[in-house]
There are 2 protein chains.
Amino acid sequence: MSVQERKQRERAERERLIVATARELAEQQGWDAVTTRRLAERIEYSQPVLYSHFRGKREIIGAVALEGAAEMAAAVRAATSAADGPRGRVVALARIYLDFAARNPAVYDALFQLDGGLPYAREDTPEPLKDAFAALLESLGEVAGDGVHPALFTEVFWASLHGLATLTRAGRLLPEDAARRVELLVDRLAVV
Amino acid sequence: MSVQERKQRERAERERLIVATARELAEQQGWDAVTTRRLAERIEYSQPVLYSHFRGKREIIGAVALEGAAEMAAAVRAATSAADGPRGRVVALARIYLDFAARNPAVYDALFQLDGGLPYAREDTPEPLKDAFAALLESLGEVAGDGVHPALFTEVFWASLHGLATLTRAGRLLPEDAARRVELLVDRLAVV
DNA sequence: GACTCGACCCTAGCATCGCTAGACAAGCGA
DNA sequence: TCGCTTGTCTAGCGATGCTAGGGTCGAGTC
């Protein structure tokens, strides 16, 4: 049995290597540069090996997305737990969210922009995705206001942040006023 | 001279045909299906003809985006001018914006999601894009509130709508609660 | 009215993409 | 030691965006 176990360990290790390498390559040169050939070369295996771990490129993007979701949830919780009061937590959340998107553009794309073949907003949605939304809900639910469903409020707030993140990164919004936009958004949306 | 004029007319006509065909194909089967070969076949010319009009696929996407921007601006102005009061105009704007995005997903992608090689938020930004933003500003500036720069408010409101539009279309948000989200967004963001 | 010459378009092909079939080698269990 | 499973690689398929080069057709000139 120990032989099989060793093989499974090695296999899992290689899978982590694939995901980490794909992410690294995407952050360095964009997802367009993440071709199966380049990826295979970087992990020092041939192309078909990738397909013994993932169905195709889409699933690799999906794996990066799941990893990113877990990181984002952790980052959000860390930031909000260090802040004081409902409003403080919302401000911290908004900042860390946009910061995460700006610092990890490839991961953010994998999560919300690209097709990673993951089911969203459904029962069989992977746990990391549900948990990332839950992390947002924990702080945003506090400031939804009377008579407003916390989840609905979270969706709206999240969508606003997502809009700011994507439009800024796509060059549609100038980064200079980013802080002022966040301030305005929190002031208006959050009920404290 | 009339021969040259005729040729120029025919050339311009063919360019319109290319853009219209690309848009049609994208709306029918998605932008992935818009390959230079398929596009060439549909307009009944060979591939290289496309490159005598546009630098490449990117520029074709950009042309569709410009066409879409003009349409969106017109739609927004039509909807807001038919509504009463500042709040009524904002509600109408939000609805028509999301409606436009839902009805013309390919055009919306060309505008805000894909790389059409267009310069945004700059001095040399094409007129249709500036005008589309201006159309939003006309109604949203009314409800920015005291001490808030109308353009900044417009950016935030626009980003929120963009977030709702993209997340909904990507399956990240369920369409059922769309109306409630718009209502909440307008209630909180707009100062009436 | 014949001819020259330039503008225009098409065929063919390049490098690269995601993905797969089939040959081959390595290492396990008997 | 042998047989077989498991795993990996080489090679190749169809399709992508884009381009080079040849050929045709028609406008303008003598």
Side-chain angles (χ1 to χ4, degrees), chain A residues 1-19 21-23 25-26 28-65 106 109-110 114-118, chain B residues 1-19 21-23 25-26 28-65 106 109-110 114-118:
Chain A
M1 278 302 156
S2 111
V3 170
Q4 286 191 11
E5 284 175 8
R6 193 203 70 220
K7 287 199 175 182
Q8 281 188 7
R9 264 205 319 275
E10 288 173 354
R11 218 184 126 71
E13 178 54 37
R14 194 172 61 182
E15 189 156 318
R16 273 193 295 275
L17 176 63
I18 292 173
V19 176
T21 306
R23 174 176 177 170
L25 193 50
Q28 285 173 355
Q29 309 180 34
W31 277 106
D32 279 351
V34 183
T35 70
T36 55
R37 282 174 178 79
R38 251 191 290 262
L39 187 51
E41 193 187 4
R42 286 227 183 175
I43 64 168
E44 295 180 316
Y45 282 94
S46 68
Q47 277 181 287
V49 166
L50 300 174
Y51 292 86
S52 75
H53 288 270
F54 302 96
R55 269 179 205 279
K57 192 180 169 181
R58 250 180 37 169
E59 269 197 7
I60 297 177
I61 295 173
V64 172
D109 280 345
L114 301 175
D115 178 14
L118 299 173
Chain B
M1 279 301 156
S2 111
V3 170
Q4 286 191 10
E5 283 175 9
R6 195 204 68 222
K7 288 199 174 182
Q8 281 188 4
R9 264 204 321 275
E10 288 175 353
R11 215 183 129 72
E13 178 53 37
R14 195 173 59 182
E15 189 155 319
R16 274 192 295 275
L17 177 63
I18 292 174
V19 176
T21 306
R23 174 176 177 170
L25 193 50
Q28 285 174 355
Q29 309 181 33
W31 276 106
D32 279 351
V34 184
T35 69
T36 55
R37 280 174 178 77
R38 251 192 290 264
L39 187 51
E41 192 186 5
R42 286 228 182 174
I43 65 168
E44 295 181 316
Y45 281 94
S46 67
Q47 278 179 284
V49 166
L50 300 174
Y51 293 86
S52 74
H53 288 271
F54 302 96
R55 268 179 205 279
K57 193 180 169 181
R58 249 180 38 169
E59 269 196 8
I60 297 177
I61 294 173
V64 172
D109 280 346
L114 301 175
D115 178 16
L118 299 173

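Per chain, numbering begins at 1; letters A, B, ... match sequence-line order.
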What pairs with [X] under side chain to side chain contact (heavy atoms under 4.5 Å, CB included), at least two apart in sequence or on another chain?
X	value
A/R14	A/R11, A/Y45, A/V49, A/S52, A/H53
B/A106	B/A26, B/E27, B/W31
B/R55	B/E59
B/L50	B/I18, B/T36, B/L39, B/A40, B/I43

d([atom1], [X]; [atom2], [N]) in whole Å:
X	N	atom1	atom2	result
B/D32	C/dC17	CG	P	16 Å
A/F54	C/dT20	CZ	P	15 Å
A/L39	C/dC19	CG	C1'	14 Å
B/H53	D/dG17	NE2	P	18 Å
A/L50	C/dT20	CG	P	12 Å
A/E15	D/dG7	CD	P	13 Å

Residues that B/R16 engages under salt bridge (charged side-chain N to carboxylate O under 4.0 Å, His left out), provided they are two or more places apart: B/E13
Please enumerate all protein N or O atoms sitting under 3.5 Å from an N or O of nucleotides 18-20 of chain D, with distances to 0.1 Å.
unit_1: D/dC18; atom_1: OP2; unit_2: B/Y51; atom_2: OH; d: 2.9
unit_1: D/dC18; atom_1: OP2; unit_2: B/K57; atom_2: N; d: 2.8
unit_1: D/dC18; atom_1: O5'; unit_2: B/Y51; atom_2: OH; d: 3.3
unit_1: D/dC18; atom_1: N4; unit_2: B/Q47; atom_2: OE1; d: 2.9
unit_1: D/dC18; atom_1: N4; unit_2: B/Q47; atom_2: NE2; d: 3.0

Sugar-phosphate, base or nothing in reach of A/R11, heavy atoms under 4.0 Å: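 No contact.
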Sugar-phosphate, base or nothing in reach of B/R14, heavy atoms under 4.0 Å: sugar-phosphate
For B/R58, all residues meeting side chain to side chain donor-acceptor pair (under 3.5 Å), sequence neighbours excluded: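 Per chain and number, B/R58 pairs via side chain to side chain donor-acceptor pair (under 3.5 Å) with B/D115.
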Sequence neighbours excluded, every pair satisfying salt bridge (Lys or Arg N to Asp or Glu O under 4.0 Å) that has a member inside residues 43-52 of chain A: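 Residue pairs with at least one partner in residues 43-52 of chain A: there are none.
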I'd like a list of close polar pairs between nucleotides 23-25 of chain C and the protein, N/O only, cut-off under 3.5 Å.
none

Considering all heavy atoms, the nearest A/L118-A/A65 contact: CD1-CB, 4.0 Å
Side-chain N,O (A/S46) to OP1/OP2 (D/dT8) below 4.0 Å: no
Nearest-0.5 Å distance that lies between atom CD in A/E41 and atom OG1 in A/T35: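 So the gap between those two atoms works out to 9.0 Å.
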